[in-house]
Every structure is written in C-alpha cells, then in structure tokens.
Amino acid sequence: MTNTATTDRPDMIEFRDVHKYYGDYHALRGITATIKAGEFFSLLGPSGCGKTTLLRTIAGFESISSGVVLIDGKNMEGVAANVRPTNMVFQSYAIFPHLSVEENVGFGLRRDPMSKADKAKAVAEALEMVGLKGYGKRAAHALSGGQRQRVALARALILKPKVLLLDEPLSALDKKMREQMQVELIRLQRQVGITFILVTHDQEEALVMSDRIAVMFEGQIAQLADPETLYRRPNSRKVADFIGTMNFMPAKILSENGKVEVEAMGFGRVELDASQVMGSGSGEVSVGLRPETLTILFEGQTATDRESMATVEEVVYYGDMTYYDLRLDGADHPVRISMRNVFGRPVLDIGARTRVAWSPGALVLFR
Amino acid sequence: MSGSAWERFRRSEAASGYLLVSPPAIYVMLLLAAPMATVLFFSFLTSTGGSVSTPFTLQNYAEVWSGRIYQAIMMRSLWVSMSVTLVTVLLAYPIAYFISFNVSPSKKSLWLFLITIPFWTSYVIRVSLWRVILGYDGIVDSTLMSVGLASEPVNILSNGVLSIVITLAHAYAPFAILPIFVSLEKVDRSLLEAGQDLGESRFVTFLRVTLPLTMPGVIAAVLIVFIPTVGDYITPELIGGGKVPMIANVIESQMLKQRDQAMGSALAMTVMLIVAAVSVAFVLLNRRFLGARK
C-alpha cells in the first residue's frame, strides 16, 4: 500500500495552477500537484468534481484554459493526444468492435518499425500478461466485461507508455470481479513500473490500490496524501466524510499552547497533539473518530487508555463484523463503531449497557 | 383433435400476428406478386400484334441478351446508376459526418429536417428545374459567362448522361445521407479517442475506426440509391429529352409504343435479375460488416 520510496523518484507529471472553463462553468480551479514516476496515483472524488477532466488534460483530450501541464518535464501545451507518452483505459473500455482481440491489442503498433513476427509476439506477450493467453483470435464483441477490461489494458501497456491513465476502469464490473482486478492492477503496476493514474469515486478502491491519493471536490484538490494519512488524518470534515466512516461529536476548545485541550461531547476532557488538529479555525469545532477506534470491552477486558460507558442503540450484523450504534453517556447522538466478531463472544443486544475503550490519540479535531 | 388444435392456434400469439400482417400481405400479393408473376409469364410468350399468346418461347430473352442496342442501353443504365450511386454516396458521407460530429445534438433534427426540404416539391418539378439550371443560357451558363469563366454557353444539358447523373445525385442525396448519418451516430465516440490515444491521427483513426464501423450505413445507402436509379424513367425522359434513353424508357416504349409486351416483359425481368444480383452481393458484403459488431 503505502510506498515511502516514491518520494525519492523524479516527477512524472506536474500541474501548475491548471484552470479549465466550460463556458461559465469553472471545472478545474487551480490544480497544482506533482505525480512521481512509477507511482500508483488516484484522483478520488464525487461525480462532477473534475477528476475525469483532470485525467483528460493529461491524455490531451481536454485543453486547459490556463496553467501548465508537464509530462516528464515537457510542457504539453499544443501537443496532440496521439503524440503524448500516455495511454488510457477508458471507462467504457472503447474496444474496437470490428476487430479481433489481437487486432485490438496490436492497434497502436501500426507505426512501430518492428517486424510483423515481432509484433505478433508482442501482442501474445501482452495478452499473456493480462491473463488472456489464447484469446487473440476471438471477436471483441464476444468478450465479457472483465475480458474487455483486460484487452483495454493490454492494448495500452503494449505501447510502453510513460503514464497509464485509468478512467473508472472497474466501475462496470461486479463486486467480486472488481476486487480481483484491483489486485491484478496492483500486480501489473509493480511488474511494468509505469506510472498509473486512476480516476475513481470509490474511496475503498483508492485506498486499496494507491501510493498516493488526491481527493477532489468542486474542481480543487482538497487533500493529497498517502492512504493512511488520508484515513487517519483527513484535513477537513468533508474529506473525512468522503473517506470511510467518521463519527463527529461537537467539541469546545478549552486551551491552546502547543497541545490543544478540548471538551468533547461524550468523551469529556482530552488533550490533543498539534498533528491531530485540522482546519483553519473558522469552522465549527468537532472531534472525529473512526468506527474501529472505539472498542467494546467484554468481561475481563480492561482499557489500556480511556474507558467510557455507553448504551447500544442499533446492531447491524455482517458475519465477520458487527456494526453498533453506541450512545456514549452524555452524548446527544450515537457513534457508529465496528467490531470484529470473535468465536465465543456474544453479539450485544439493543439496549445493552457496555463499557468501551478508546484513546485520545485516535481522535481528530476539526475547526 | 383438429378442432382443439385450431382453437389453440386461434388463441395463440401467432394468430394475432398473422391477422395484423394480413392486410399488407394481401395488398402485396395482389399488387406486387401477381403483376410480377404476370410479367414473368408474359416474358415467355410470343408477341402477336399488341397481345401475347402461346407458344412458350425463350426467343424474347435471346433477343434481349444478344441485341446490341439492348446491351448498350443496359450498360448505359448500369453506368449511369453506378455513377449516380458513387457521386451521391461520396457527397452524402461528408454531409452526414458533419451533422453527426459537428452539429450540436439539439440542432441535429433541424438539420435532418432541412435536408428533406427538396422532397416538398414534386420529383417532376425538381427534374424540370434542373433543365433550367443546366440548360442553354441557363443559370450555370449565365453565371459562368458573367464571371468570365466561359465565353459562350456551356449547355451541360446537351451532355445527356452528365446531366442525368447530376439530377439523380441531387434527388437521391437525402436517401444516402440518412442511413450514413444513423450509422455515424451509433459510433461510440470514445472509440475515436481510443484511436488517437493509441497514436493515430484523426484522419487515420477515421480510416481505421469510423469508416469500417459505418460501412453498413454506406452499403445501405449504395443499395437505396442504386436500385431505384437503374430503373429511373422520368429523368432520362425530361433531362435527356429522350435522346439518351435508359432501360426503363426502352421497356416503356416496348410495352406501350411498340405494343410488344412479351419483349418488354423479358427486358423487365432481365433488369430485375441484374439488380437483384448486385443487391445480393451488397447484402452479403453488409452481413460481413454487420457480423463484426453487435
């Protein structure tokens, strides 16, 4: 998942204050970011946030209104899509329906000077790499969704691009297929070492696959970080809400001198580190915590840090997990927590009183 | 037993289907199949002064297939109709492409509507107007002379075949534009981006992706233009002034002027056979392209 080595790598893509207007609509509002060579980078956000537009400015399908896009140090202004060192896997896969699988995969090799036999070999290798060995002669329209996806990947990777662009490539697949392809994409990316840029609205997908993620809202990057930082230290309530589940409790700041002392509903007085404090101080003050940072204490267990009492308000049983809505004593609304189900341990009933363990270090303060 | 089978049929979906299709089926039988069978029958009979009678003979066909004049006129008909098809489809494709790719979606139906405007006037009137445009001292001549491109009237109308091709190409343009437009609309635009993404210029992408994918539309256009123009009767009559007859004019003259219905029938059947052969060839070609998508 997190790959710290990426920070040492050279820049592959650089956006400098990129703006894009469609008429009056301001689709990209000053994007500045760099993507490292060999990185698995994700653009994550709700639909209409500009993530696909940003991806298409890299591919050259979308011109930019102002700013600079650099690929491998070269300014892409006026460089047509067909000469950019990027290849794309389209959301619809865009498999040519009138061509066979191998004609699709070999489409981009027409201008390559290598011999016909070498091209055929390259196509066969590319098909093998994506797990479609022996499918070359099939008609493209006879393929399943997952197979089309693989053809699209092979067709792009065979050209050895500097950057592979993936526009919501997994959104059309069913859950099982999607999870399988996620793992395969990660494997492929490690194998070929090419920079992958993935556009997705699925936060889980982004967390699973990426070295770094840019979370976008309304044409701007809200936070750019590795998955763990994004999950544990989201820099705003909005990002926190978009990535996984975050419980919010209203809070009051009591004192501030290096550390911040707050009074949070249901948690009482807690002292937080400066790294746990997010926001400029203009928003409403609240603390956030993830569902797994609150643990129900069963008989004989003791808290290592803090302990509170709570009442069970809702139980959602998922087999391997149980989700509880717990109302901490003194709180006006419940928090959702997740517990791994362990053999021999009971699932609590609605209305049960229970002790819960938590740690101030897991809280994030938004203000 | 048979009663219950009939009862079951009467209630089945097939029965209501047959019921629905029977009025047009009867119409087609009476007004298309029956006359064609008659023509086929006549073509094997002997002509006797304005009528036909036995004995059965192949003499009519022998004459049609060996007659120099018939051959020449048949070839001219095919030549004119192929030229018309070629010109029409070549001109229709860019127009259809423009409407499909360059006109904003909200304005497309307006454009298609505008293209059908020529149909608001009668075909005969449109053909007559081309006489005025192409004829001696007509609009083309006066324009050319006034801008100094010609010193005397060109009189395109005196070139019978050329003026017939121009007139027919104009008349059949919408028939070619529409099927090509429909096939262009069906092309997934991301395929064109994919073509460019894979390193091809817009033009090469057009050749490798758009054109093959729109071949069914092109073939439909070819058939729609080719089939009726082979047998076109009015245009040679009005534009060519009857001086460059096409096969339909000969059939008309055999049937109505010379009162040789056997000969006329044999000619008509021959034309049908040739058109059918060409059409089947194109339909097979179309199936090849259709088979490649879905």
Side-chain angles (χ1 to χ4, degrees), chain A residues 23 52 55-56 58-62 79-101 103-113 126 138-143 148 151-161 163-169 172, chain B residues 89 93 96-97 100-108 179-222 282-294:
Chain A
T52 296
L55 191 80
R56 290 168 60 83
I58 305 173
F61 296 133
E62 215 75 71
V79 180
N82 59 329
V83 290
R84 294 199 182 191
T86 60
N87 283 114
M88 183 135 156
V89 174
F90 291 81
Q91 187 168 13
S92 62
Y93 311 144
I95 301 298
F96 302 118
H98 58 301
L99 301 178
S100 70
V101 168
E103 285 168 334
N104 262 285
V105 174
F107 190 92
L109 293 179
R110 184 182 69 91
R111 294 143 62 92
D112 196 296
R138 294 226 187 160
H141 62 77
L143 298 177
R148 278 161 196 260
V151 172
L153 268 170
R155 185 176 71 178
L157 288 174
I158 198 172
L159 301 175
K160 302 193 169 65
V163 182
L164 184 74
L165 308 169
L166 302 125
D167 185 8
E168 306 239 9
Chain B
V89 172
Y93 201 105
Y97 188 93
S100 182
F101 281 78
N102 299 66
V103 174
S104 75
S106 59
K107 298 218 173 68
K108 280 181 184 173
I180 296 173
F181 169 77
V182 169
S183 67
L184 281 164
E185 284 288 284
K186 280 198 284 186
V187 173
D188 179 358
R189 300 304 193 254
S190 68
L191 294 177
L192 310 183
E193 286 189 343
Q196 284 170 54
D197 188 64
L198 295 166
E200 297 293 16
S201 64
R202 276 164 187 273
F203 181 65
V204 178
T205 301
F206 170 78
L207 292 181
R208 294 185 70 189
V209 181
T210 317
L211 192 57
L213 285 175
T214 50
M215 274 321 273
V218 171
I219 288 170
V222 164
F282 272 104
V283 167
L284 290 178
L285 201 63
N286 200 7
R287 188 166 296 172
R288 203 180 76 81
F289 281 108
L290 282 176
R293 52 190 302 184
K294 242 180 209 113

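Chain identifiers are assigned alphabetically (A, B, ...) following the order of the sequence lines, protein sequences preceding nucleic acid strands; residue numbering begins at 1 within each chain.
With a 4.5 angstrom heavy-atom cutoff, B:R208 touches chain A via backbone and side-chain atoms both. Interface residue A:I95: only backbone heavy atoms are found under 4.5 Å from chain B. With a 4.5 Å cut-off on non-hydrogen atoms, A:R155 touches chain B through its backbone and its side chain both.
Closest approach of A:H98 and B:P212 over heavy atoms only: CD2-CB, 3.5 Å.
Between chain B and the residues A:R111, A:R84, A:Q91, the most heavy-atom pairs under 4.5 angstrom are made by A:R111.
Rounding to the nearest 0.5 Å gives a distance of 9.0 Å between OG of B:S190 and CE of A:M88. A distance of 9.5 Å separates CZ of A:F90 from CG of B:D188, quoted to the nearest 0.5 Å. In this structure, the separation between CZ on A:F107 and CD on B:E200 is 5.5 Å, given to the nearest 0.5 Å.
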Exercise. How far apart are the C-alpha atoms of B:R202 and A:N82, what are their side-chain angles, what is the distance that settles it, and do they pass the side chain to side chain contact (heavy atoms under 4.5 Å, CB included) test?
Worked result: CA-CA 9 Å; B:R202 276 164 187 273; A:N82 59 329; over 6 Å; no
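Interface with chain A: from residues 191-198 of chain B, residues B:L191, B:E193, B:A194, B:G195, B:Q196, B:D197, B:L198 qualify, criterion being any non-hydrogen pair under 4.5 Å.
Atom CZ of B:F206 sits in a crowded spot, with more than 12 heavy atoms from other residues, nucleotides or ligands closer than 6.0 Å. Residue A:K160 places its NZ atom among 12 or fewer non-hydrogen atoms of other residues, nucleotides or ligands, all under 6.0 Å distant.
Partners of A:E168 by salt bridge (charged side-chain N to carboxylate O under 4.0 Å, His left out), not counting sequence neighbours, listed by chain and number: A:K51.
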